[in-house]
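What you are looking at is a predicted structure, and each value in this text was computed from that prediction instead of being measured. Reckoned from all heavy atoms, side chains included, excluding hydrogens, waters and symmetry mates.
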Amino acid sequence: ICEHTPLSLLQFTGVVVNKNNAVLCYRIAKNALSLQERFDVAAQVPELYNNFYGRIAWRFEPFQDCANNLRRGFEIGLSSGNNDMGL
């Protein structure tokens with residue numbers, strides 16, 4: 001486990017998720033998102049939020065929570081100078 005693990009797991013689950021394995025992918029992605037606290041991945045936060053709330057969490061969490069966290073990732077991306085994720 002390294003600093004790239006959370007983003008890698010979120011990208012993997014975002015690609016392989018379908019209606020048959022959505023719950024398993026959600027659990028993996030939720031754990032990957034909690035790994036961000038273990039490492040200093042402030043530069044990856046916009047990508048983490050975009051992958052989790054934009055690809056996986058909308059199936060299980062309220063849309064308003066997902067929209068708020070997507071906006072939060074957008075604002076973090078703009079404030080950190082990460083224009084790729086901000087725009």
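- Contacts of L70 classified as side chain to side chain contact (heavy atoms under 4.5 Å, CB included), with partners at least two apart in sequence or in another chain: N50, Y53.
- Rounded to the nearest 0.5 angstrom, T5 OG1 and Q36 CD are separated by 13.0 Å.
- Taking every heavy atom of both residues into account, P6 and A32 meet most closely at CB-O, 3.3 Å.
- The distance from the CD1 atom of I76 to the CG atom of L48 is 10.0 Å, given to the nearest 0.5 Å.
- Listed by first and then second residue, the side-chain hydrogen bond (donor to acceptor under 3.5 Å, both in side chains) pairs that reach into residues 15-35 are Y26-E61, K30-E61, sequence neighbours excluded.
- The residue from I56, L9, L10 that alone fulfils the side chain to side chain contact (heavy atoms under 4.5 Å, CB included) condition with N51 is L10.
- Note that the CD atom of Q44 and the CG atom of L7 stand 5.0 Å from one another [nearest 0.5 Å].
- Legend: residues meeting side chain to side chain contact (heavy atoms under 4.5 Å, CB included) with A22, ordered by chain and number and at least two apart, are V17, R59, F60.
- In plain terms, the two heavy atoms of T13 and C25 that are nearest each other are CG2-O, 3.8 Å.
- In this structure, R38 CZ and C2 SG are separated by 11.0 Å, a value rounded to the nearest 0.5 Å.
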Check step by step if side-chain contact (heavy atoms from CB on, under 4.5 Å) holds for Y49 and L33.
CA-CA 8 Å; Y49 278 25; L33 197 62; 4.3 Å; yes
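- Hydrophobic clustering (ILVMFWY, side-chain heavy atoms < 4.5 Å, transitive): F52 and V23 are in one cluster.
- Pairing each heavy atom of R55 with each of Q11, the nearest pair is NH1-O, 4.3 Å.
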